[in-house]
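Protein chains get the first letters and strands the later ones, always in sequence-line order, with residue 1 at the start of each.
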Amino acid sequence: MEKSPCTTCHFISKAARVLTDVELETLESKCAQVSYRKGEVIFKQDALSTNIIYIKTGLIKLHMASKNRDQIIKIVKAPAYTGIPTTFAENINQYSATALQDTVACFIDVNAFKTFINNNGDFAFEIIINLCQDSLENYKRCVNRNQKKTPGRVAETLLFFAEKIFDREEFEFPLSRNDLADLICSSRESVSRIINDFNTDGLISLEGKNIAIKNRKLLEQVAKNG
DNA sequence: GCATTAACCACAG
DNA sequence: CTGTGGTTAATGC
């Protein structure tokens, strides 16, 4: 994708909209745009981080490596900032980001970003709202994960992709079975079985990587009741 | 006890 | 990377 100046960027964030013209010019000189292919690593856990990353287009996963296996912390759809907590709280990245689809990201110098927060209350406010929503979402996911059984978590995730990511009932599922397991804290095998059960029971239809939600009512039931 | 759930392992497309 | 079958451990009735 061609780099457009921040001042005229079509994918500008809600927060950046409240920056002054001068600040936007600063942003322009303090950011770089990078394109990624599906599967490419955007930033890696344990690396030194000096940038805030803005996902301009595409879809990524944030994941954290622990002793045995990866855990997917969240799926992030453009447009969104990511890596704010990891960059502000720690110099070292606490998690990795990998593209699930072709993705375009802007790397913003953290000091420029901090200056905006210090000088522009409206900007800071937008960023805080973002962080709060994020935090709330995480609490919910945490509760769900602990209270629901695996089929419920799978159903919920499928609905999440249909509603929040693709906004349609039929879509190409961007995660492998393993990724899905890492996302909902289950095993590859269980996830595999459950998805096939959903298919044979007519809740969804499966064609390769394509998933279509067939019986939304029932799927919601499963998602709700665990 | 017995049933259910789901992880882990091994093996095969 | 997926799907299947067997095994096993935990939990609930």
(request) Calculate the interatomic distance between A/Asn210 atom CG and C/dT2 atom C1'; express it in whole Å. (result) 16 Å

(message) Measuring from atom CD1 of A/Ile73 to atom NZ of A/Lys61, what distance do you get when rounded to the nearest 0.5 angstrom?
(response) 11.0 Å

(message) If the cut-off is 4.0 Å, is A/Ser190 near the phosphate of B/dT5, judged by side-chain N/O to OP1 or OP2?
(response) no

(request) Using atom CG of A/Asn225 as one end and atom C1' of B/dT5 as the other, report the distance to the nearest whole Å. (result) 17 Å

(request) For the pair A/Phe113 and A/Thr87, evaluate side-chain contact (heavy atoms from CB on, under 4.5 Å) and give the outcome as yes or no after the intermediate values. (result) CA-CA 11 Å; A/Phe113 201 85; A/Thr87 305; over 6 Å; no

(request) Starting at atom CD1 of A/Ile194, determine the distance to atom P of B/dA7, rounded to an integer number of angstrom. (result) 8 Å

(message) Under 4.0 Å from OP1 or OP2 of C/dG3: is there any side-chain N or O of A/Ser192 that close?
(response) yes

(message) Which is more 5' along DNA chain C, the nucleotide nearest A/Arg193 or the one nearest A/Ser176? Just name the residue.
(response) A/Ser176

(message) Would the base of B/dC8 count as contacting A/Glu189 through its side chain, where contact means a donor and an acceptor less than 3.5 Å apart?
(response) no

(request) Could you check how far CG of A/Asn196 sits from P of C/dT2, rounded to whole Å? (result) 11 Å

(message) Quick check: on DNA chain B, is the nucleotide nearest A/Arg188 upstream (toward 5') of the one nearest A/Lys149, or the reverse? Name the residue that is more 5'.
(response) A/Lys149

(request) Would you mind reading off the distance between A/Gln71 atom CD and B/dA7 atom C1', rounded to a whole angstrom? (result) 14 Å

(message) I need the CZ-P distance between A/Arg69 and C/dC1, as an integer number of Å.
(response) 11 Å

(request) Indicate whether the side chain of A/Ser13 and that of A/Tyr81 have a donor and an acceptor atom separated by less than 3.5 Å. (result) yes

(message) Atom CG of residue position A/Asp21 - does it have more than 12 heavy atoms of other residues, nucleotides or ligands inside 6.0 Å?
(response) no

(request) Give the rounded distance in Å between these two atoms: CZ of A/Arg153 and P of B/dT5. (result) 14 Å

(message) Taking the minimum atom-to-atom distance to the side chain of A/Arg177, which one of C/dG5, B/dA6, C/dT2 wins?
(response) C/dT2

(request) Could you state the atom-to-atom distance from CD1 of A/Ile211 to P of C/dT2 in whole Å? (result) 11 Å

(request) Please tell me which of the listed nucleotides, C/dG3, C/dC1, B/dC8, lies nearest to the side chain of A/Ser187? (result) B/dC8

(message) Does this structure show an ion pair linking A/Arg216 with A/Glu163, if we count only N-O contacts that are shorter than 4.0 Å?
(response) yes

